[in-house]
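Contents: one structure, followed by commentary.
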Amino acid sequence: MAKYVFSFRVPSDYKPHAGTTAEWQAWFGGLGSALVDVGNAVTGYASLGEVGGSDSRMVAYSVVSAEDLGCALALAKDCPVLRVGGGVEVGPVMEVAGS
């Protein structure tokens, strides 16, 4: 199994609502053993270069384990960020010897 990073992006004007935490907890719980590292929320945001356009921003990241990229994308398909007009960037983690 390979590891994949999920980078969660929301519209730049996004404001969390009252049920946001419960939605995320339920979704993370549904990932089961595929969730390797719940990651962290991002509390501030700045960027250099092109990183998805000025109309979105990163709000968090997580790491999951999946057979391949297609399986990792399938894990991301019900992510709460998608219901608010955001997206999930998915990419394989490159394992480096000695790290």
Side-chain angles (χ1 to χ4, degrees):
M1 291 264 222
K3 292 179 186 172
Y4 293 85
V5 173
F6 285 0
S7 173
F8 306 109
R9 299 186 67 81
V10 295
S12 57
D13 61 351
Y14 170 75
K15 303 281 188 255
H17 62 278
T20 300
T21 301
E23 287 180 71
W24 280 93
Q25 288 173 334
W27 181 72
F28 282 131
L31 293 176
S33 63
L35 184 62
V36 173
D37 180 357
V38 72
N40 288 287
V42 175
T43 59
Y45 180 79
S47 64
L48 295 172
E50 182 60 34
V51 290
S54 61
D55 58 342
S56 72
R57 61 186 171 91
M58 185 174 80
V59 291
Y61 74 90
S62 294
V63 178
V64 299
S65 177
E67 288 291 327
D68 56 31
L69 183 58
C71 291
L73 288 169
L75 290 171
K77 74 177 172 66
D78 293 322
C79 179
V81 77
L82 298 171
R83 292 190 285 278
V84 298
V88 182
E89 291 177 292
V90 179
V93 173
M94 184 175 81
E95 300 289 339
V96 178
S99 65

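What's counted below: heavy atoms across the whole structure, side chains too, no hydrogens, waters or symmetry copies. Nothing here was measured: the structure is a model prediction, and the numbers come from that model.
Separating the CZ atom in F28 from the SG atom in C79 is a distance of 7.0 Å, to the nearest 0.5 Å. In this structure, the separation between CG on L31 and CZ on F6 is 6.5 Å, given to the nearest 0.5 Å. With rounding to the nearest 0.5 Å, the separation of CG in D55 from CZ in R9 is 9.0 Å. Between atom CE of residue M1 and atom CG of residue D68 there is a gap of 10.0 Å, rounded to the nearest 0.5 Å. With rounding to the nearest 0.5 angstrom, the CZ atom of R83 is 10.0 Å from the OG1 atom of T20. Atom NZ in K3 sits 13.5 Å away from atom CE in M94 (nearest 0.5 Å).
Of all the heavy atoms in G85 and P11, the pair that sits closest is O-CG, 3.7 Å. Between A60 and A41 the shortest heavy-atom distance is CB-CA, 3.8 Å. The shortest non-hydrogen separation linking G87 to L82 is CA-CD2, 3.8 Å.
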V90/V88 under side-chain contact (heavy atoms from CB on, under 4.5 Å): CA gap, chis, key distance, verdict: CA-CA 6 Å; V90 179; V88 182; 3.9 Å; yes
Full working for side-chain contact (heavy atoms from CB on, under 4.5 Å) between E95 and V93: CA-CA 6 Å; E95 300 289 339; V93 173; 4.1 Å; yes
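A distance-only check finds a donor-acceptor pair linking the side chain of Y4 to the backbone of L69 [under 3.5 Å]. A donor-acceptor contact shorter than 3.5 Å is absent between the side chain of R57 and the backbone of D13.
Side chains of V59 and V10 form a contact here, defined as non-hydrogen atoms less than 4.5 Å apart.
Placement of L73 and V36 in two distinct hydrophobic clusters is found when ILVMFWY residues are connected by side-chain heavy-atom separations under 4.5 Å, directly or transitively. Residues V84 and M58 do not share a hydrophobic cluster, clusters being chains of Ile/Leu/Val/Met/Phe/Trp/Tyr side chains in contact below 4.5 Å. Using a 4.5 Å cut-off between side-chain heavy atoms of Ile, Leu, Val, Met, Phe, Trp and Tyr, with links allowed through other members, V5 and V81 fall into different hydrophobic clusters. Under a hydrophobic clustering in which Ile, Leu, Val, Met, Phe, Trp and Tyr are joined whenever their side-chain heavy atoms come within less than 4.5 Å, directly or via other members, L75 and V63 fall into different clusters.
Taking the six-membered ring for Trp and thresholds of 30 and 60 degrees, W27 and W24 have ring planes more than 60 degrees apart, a perpendicular arrangement.
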